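Worth saying up front: this structure is predicted, and the values here are computed from it rather than measured. By convention here, the first residue in the shown sequence is residue 1.
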Amino acid sequence: MNDILLPFVAAILGGALRVGVPFLFVSLGECLTEKSGRINLGLEGVLVLSAMAAFGGSYLSGSPWIGVLVAAGTGALLALLHGLLCSLPRVNDVATGIALMLLGTGLAFYLGKPLIQPQATQLPALALGAWSSSPLFQSALQVNPLLPLGLLLALAMYWAFARTRWGLLVRLAGDSASATKALGYSVNGIRIAATAAGGAIAGLGGASLTLFYPGSWNEGISSGQGLIAVALVIFARWSPLRCVGAALLFGGAGAIGPALQSIGISAGYNLFAAVPYVLTLVILVISCRPGKVAAGSPGELSSTR
């Protein structure tokens, strides 16, 4: 029994840590954006474009860390465009986000065609499994070096929302635009800054895709993770710390198919690959009921602009 259970558990654990990292960064970026009262459905385009930019930056420079910086900058610029457009009168967040998603993915596909075949320098793995005598767990715990950064970001965002003036202003802009204006602050300025910062954080998720796992660039690399992040934030009730658990849950769900293959069960592989998408639908059905506001939702998200 242990010969079957141990490889399965190790595969789920490794998958949660690998697949969950892009989910973590994109959900944290969307959490910050939505806390300010703006939704960014264009994060799918941000994720794909930043993934391409990270790969290209690493390939051209020979340094994966330069690729990470390029990804964050690319994500920030595309999200900044979203924020600026949404600050105009009579511009809808959702429609603009869809347009930016198409723009980001289109640019990535066009500019990334020369990068499909080459190999870029990858991020070095952090070996956290030295404590275990099992090669399976040692392999599973070869984690993305960006994972600790994601955990620190989640902690920093949680603390900032609760204890800092900047974090309270972001929450105020998300809960009540009129109160923010009454205190003399620019609602658009706060939302533009939060949206750009959220895009930079989401860009780190793109770097995780092409510079660690799966570690290559192709046009289908995202598989809709940017859109799933919106459901993740709802599931996490707009809490950065809960985003960590939600990302690991979705990462583990995405690893079920490969985990079953690792113990010799290949039947229904494509069916298990759909688990994250089914989970997304379940979360949205449960959380988004007509006439009911999800707990923790910023008040301005329901406003039509």
Check for a donor-acceptor pair, side chain of [X] on one end and backbone N or O of [Y] on the other, with a separation under 3.5 Å.
{"X": "Arg191", "Y": "Gly83", "value": "no"}
{"X": "Ser27", "Y": "Val233", "value": "no"}
{"X": "Ser58", "Y": "Phe55", "value": "no"}
{"X": "Gln117", "Y": "Leu115", "value": "no"}

Considering all heavy atoms of both residues, which atom of [X] and which atom of [Y] are nearest to each other, and what is their separation?
{"X": "Ala53", "Y": "Thr74", "value": "CB-OG1, 3.4 Å"}
{"X": "Gly15", "Y": "Ala255", "value": "CA-CB, 3.5 Å"}
{"X": "Ala229", "Y": "Val26", "value": "CB-CG1, 3.2 Å"}
{"X": "Arg242", "Y": "Arg237", "value": "NH1-CB, 3.5 Å"}
{"X": "Val46", "Y": "Gly199", "value": "CG1-O, 3.7 Å"}
{"X": "Pro64", "Y": "Leu123", "value": "CB-CD2, 3.7 Å"}

Out of curiosity, does [Y] fall in the hydrophobic cluster containing [X] (side-chain heavy atoms, cut-off under 4.5 Å, transitive links)?
{"X": "Val70", "Y": "Leu47", "value": "no"}
{"X": "Leu248", "Y": "Leu126", "value": "yes"}
{"X": "Leu103", "Y": "Leu77", "value": "no"}
{"X": "Leu60", "Y": "Leu49", "value": "yes"}
{"X": "Leu24", "Y": "Leu241", "value": "no"}

Rounded at 0.5 Å granularity, tell me how far [atom1] in [X] sits from [atom2] in [Y].
{"X": "Asp93", "Y": "Cys86", "atom1": "CG", "atom2": "SG", "answer": "4.0 Å"}
{"X": "Ser36", "Y": "Asn188", "atom1": "OG", "atom2": "CG", "answer": "10.5 Å"}
{"X": "Asn40", "Y": "Ile98", "atom1": "CG", "atom2": "CD1", "answer": "11.0 Å"}
{"X": "Leu28", "Y": "Leu204", "atom1": "CG", "atom2": "CG", "answer": "10.0 Å"}
{"X": "Glu34", "Y": "Thr195", "atom1": "CD", "atom2": "OG1", "answer": "10.0 Å"}
{"X": "Ile39", "Y": "Leu41", "atom1": "CD1", "atom2": "CG", "answer": "4.5 Å"}

Taking the side chain as everything from C-beta on, heavy atoms only, tell me whether [X] gets closer than 4.5 Å to [Y].
{"X": "Met52", "Y": "Leu107", "value": "no"}
{"X": "Thr210", "Y": "Ile221", "value": "yes"}
{"X": "Leu279", "Y": "Phe235", "value": "no"}
{"X": "His82", "Y": "Thr96", "value": "yes"}
{"X": "Ser223", "Y": "Tyr277", "value": "yes"}
{"X": "Val275", "Y": "Val278", "value": "no"}
{"X": "Met101", "Y": "Leu43", "value": "no"}
{"X": "Pro22", "Y": "Gln225", "value": "yes"}

TODO: May I ask you to check whether Ser61 and Ser63 show a side-chain donor-acceptor distance below 3.5 Å?
DONE: no
TODO: Before giving the answer on side-chain contact (heavy atoms from CB on, under 4.5 Å), spell out for Tyr59 and Thr121 the whole-Å C-alpha distance, their side-chain angles and the decisive distance to 0.1 Å.
DONE: CA-CA 6 Å; Tyr59 173 69; Thr121 309; over 6 Å; no
Task: NZ/NE/NH1/NH2 to OD/OE distance under 4.0 Å, Arg38 and Glu300 - done: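 A salt bridge is absent here (no side-chain N lies under 4.0 Å from a carboxylate O).
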Taking ring-ring contact (aromatic ring centres under 6.0 Å, His included) as the cut-off, I'd like each qualifying pair that reaches into [range], sequence neighbours left out, listed once.
{"range": "residues 60-79", "result": "none"}
{"range": "residues 14-52", "result": "Phe23-Phe250"}
{"range": "residues 201-232", "result": "none"}

Task: Connected-component partners of Leu69 among ILVMFWY, side-chain separation under 4.5 Å - done: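 Grouped by the 4.5 Å side-chain rule, Leu69 forms a cluster of one, so the answer is none.
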TODO: Supply the members, apart from Leu80, of the Ile/Leu/Val/Met/Phe/Trp/Tyr cluster built from side-chain contacts under 4.5 Å; use none for a lone residue.
DONE: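 Grouped by the 4.5 Å side-chain rule, Leu84, Ile192 form the rest of the cluster around Leu80.
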Quiz: residues 145-164 side-chain donor-acceptor pairs under 3.5 angstrom, not counting sequence neighbours:
residue : atom : partner : partner atom : Å
Thr164  : OG1  : Ala160  : O            : 2.7
Thr164  : OG1  : Gly167  : N            : 3.0

- [ ] Report the C-alpha separation of Glu44 and Ser222 in whole Å, then their side-chain angles, then the decisive distance to 0.1 Å, and conclude whether the side chain to side chain donor-acceptor pair (under 3.5 Å) test is met.
- [x] CA-CA 8 Å; Glu44 175 70 10; Ser222 169; 2.8 Å; yes
